[in-house]
J.: 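Below are the structure tokens for one structure; questions will follow.
The first residue of the sequence shown is numbered 1, and numbering continues consecutively from there.
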Amino acid sequence: MFTPKALLKRKEAASRPEDFTEGTSFHPLATDKVVDPEAVTTLVLCSGRITWDLMVDRGKRQGDAPTTAITRVEQLYPHPLDELKAEIDRYPNLASIRWVQDEPANMGPAPHYRRNVFPELALPVEVISRRASSSPSVGQHSRHVEEQKSLMEQAFA
């Protein structure tokens, strides 16, 4: 399997036994269960590994009363439009939606979702990503760390 191994060491990414023994087998979206829907003003949509970075950073910035909900899109295609619309409807005071991805702007799900999914949603979606590039990686760890910090700042601005 070709997948980042870093998630194996992250406590936030660990599943509980109940995740495998209760409920249904697959959900197109992993919804945020730690927020008060009435308090949420920003919905951050993401997919993959960046979810855990966002959750940790949100905890540092917003503490125990977050105003930002984080929803992980588990099924990129076929588009989970009905589920996304239902997720947006959960938050009556929602003012903005952001798509945050680790990949450059011209890669990952963002280009496809800009054309096919975001126009169908109730609010405009701001895409937060690394700037467009011919390479999926910056190639220098210090630059990667700087860009990652910038992504987090933009996600919670």
J.: Suppose we screen for side chain to side chain contact (heavy atoms under 4.5 Å, CB included). Which residues come up paired with His27, at least two apart in sequence or across chains?
T.: Thr24
J.: With sequence neighbours left out, what residues match Thr41 under side chain to side chain contact (heavy atoms under 4.5 Å, CB included)?
T.: Thr67
J.: Quick one: side chain to side chain contact (heavy atoms under 4.5 Å, CB included) partners of Pro111, sequence neighbours excluded?
T.: Arg115
J.: Can you list the steps and then say if Lys149 with Val145 is a side-chain contact (heavy atoms from CB on, under 4.5 Å)?
T.: CA-CA 6 Å; Lys149 182 179 176 185; Val145 170; 5.6 Å; no
J.: Of the non-hydrogen atoms in Pro104 and Pro136, which two are nearest, and what is the gap between them?
T.: CD-O, 4.1 Å
J.: Name all pairs fulfilling the ring-ring contact (aromatic ring centres under 6.0 Å, His included) condition that reach into residues 126-157, sequence neighbours left out, sorted by first residue then second.
T.: none
J.: Should we say atom OH of Tyr77 is surrounded by more than 12 heavy atoms from elsewhere, each under 6.0 Å from it?
T.: no
J.: With rounding to the nearest 0.5 Å, note down the distance linking CG in Leu121 to CD1 in Ile97.
T.: 5.5 Å
J.: Tell me, do Thr68 and Gln62 make a side-chain contact under 4.5 Å, heavy atoms counted?
T.: yes
J.: Mind jotting down which residue pairs meet the salt bridge (Lys or Arg N to Asp or Glu O under 4.0 Å) criterion with at least one end in residues 127-142? Sequence neighbours excluded, please.
T.: Asp102-Arg130, Arg130-Glu147
J.: Would Glu126 and Trp99 count as a side-chain contact (heavy atoms from CB on, under 4.5 Å) if you check the C-alpha gap in whole Å, the side-chain angles of each, and the deciding distance to 0.1 Å?
T.: CA-CA 6 Å; Glu126 175 187 7; Trp99 174 270; over 6 Å; no
J.: Residues in side chain to side chain donor-acceptor pair (under 3.5 Å) with Arg114, at least two apart?
T.: none
J.: Among all residues two or more places apart in sequence or in another chain, which pass the side chain to side chain donor-acceptor pair (under 3.5 Å) test with His112?
T.: His79, Asn116
J.: Could I get the full list of salt bridge (charged side-chain N to carboxylate O under 4.0 Å, His left out) partners for Glu103, not counting sequence neighbours?
T.: none
J.: Okay, side chain of Arg72, backbone of Cys46: is any donor-acceptor separation there less than 3.5 Å?
T.: no
J.: Between Leu45 and Leu29, is a side-chain contact (heavy atoms from CB on, under 4.5 Å) present by the stated rule, with each step listed?
T.: CA-CA 10 Å; Leu45 300 172; Leu29 302 179; 5.9 Å; no
J.: Say whether Ile70 and Val125 are linked into one hydrophobic cluster, either directly or through other cluster members, by side-chain heavy-atom distances under 4.5 angstrom.
T.: no
J.: Grouping I, L, V, M, F, W and Y whenever their side-chain heavy atoms are under 4.5 Å apart, do Met55 and Val44 come out in a common cluster?
T.: yes
J.: Under a plain distance cut-off of 3.5 Å, with no hydrogens placed, do Thr42 and Ser96 share a side-chain donor-acceptor pair?
T.: yes
J.: Do Val100 and Leu54 have side-chain heavy atoms sitting under 4.5 Å apart?
T.: yes
J.: With sequence neighbours excluded, tell me which residues meet side chain to side chain contact (heavy atoms under 4.5 Å, CB included) with Asp36.
T.: Glu38, Ala39
J.: Can you find a heavy atom in the side chain of Arg90 that is under 4.5 Å from one in the side chain of Thr31?
T.: yes
J.: Measuring from atom CZ of Phe118 to atom CG of Leu123, what distance do you get when rounded to the nearest 0.5 angstrom?
T.: 12.5 Å
J.: If you measure only the distance, is there a donor-acceptor pair under 3.5 Å linking the side chains of Gln101 and Ser129?
T.: no
J.: The test is salt bridge (charged side-chain N to carboxylate O under 4.0 Å, His left out); show your working for Asp53 and Arg49 and say whether it passes.
T.: CA-CA 7 Å; Asp53 295 335; Arg49 186 201 58 78; 2.4 Å; yes
J.: Would Met152 and Ile50 satisfy side-chain contact (heavy atoms from CB on, under 4.5 Å), going step by step from the backbone distance to the final call?
T.: CA-CA 10 Å; Met152 295 301 121; Ile50 199 162; 4.0 Å; yes
J.: Any chance you could measure Leu43, atom CG, to Leu94, atom CG, to the nearest 0.5 Å?
T.: 5.5 Å
J.: Ignoring hydrogens, what is the shortest heavy-atom contact between Val73 and Tyr113? Give both atom names and the distance.
T.: CG1-OH, 3.9 Å
J.: For Glu146, check side chain to side chain donor-acceptor pair (under 3.5 Å) against everything at least two apart and list the hits.
T.: none
J.: Would you name the heavy atoms of Ser135 and Ser137 that are closest together and state the gap between them?
T.: OG-O, 2.9 Å
J.: Quick test of your reading of the model: are Asp57 and Arg61 salt-bridged, counting only N-O distances below 4.0 Å?
T.: yes
J.: Under the salt bridge (Lys or Arg N to Asp or Glu O under 4.0 Å) definition, can you give me all pairs with a residue in residues 26-35, not counting sequence neighbours?
T.: Asp32-Arg58
J.: Thr51: what forms a side chain to side chain donor-acceptor pair (under 3.5 Å) with it, not counting sequence neighbours?
T.: none
J.: Is Val127 reachable from Leu84 through a run of hydrophobic residues whose side-chain heavy atoms are each under 4.5 Å from the next?
T.: yes
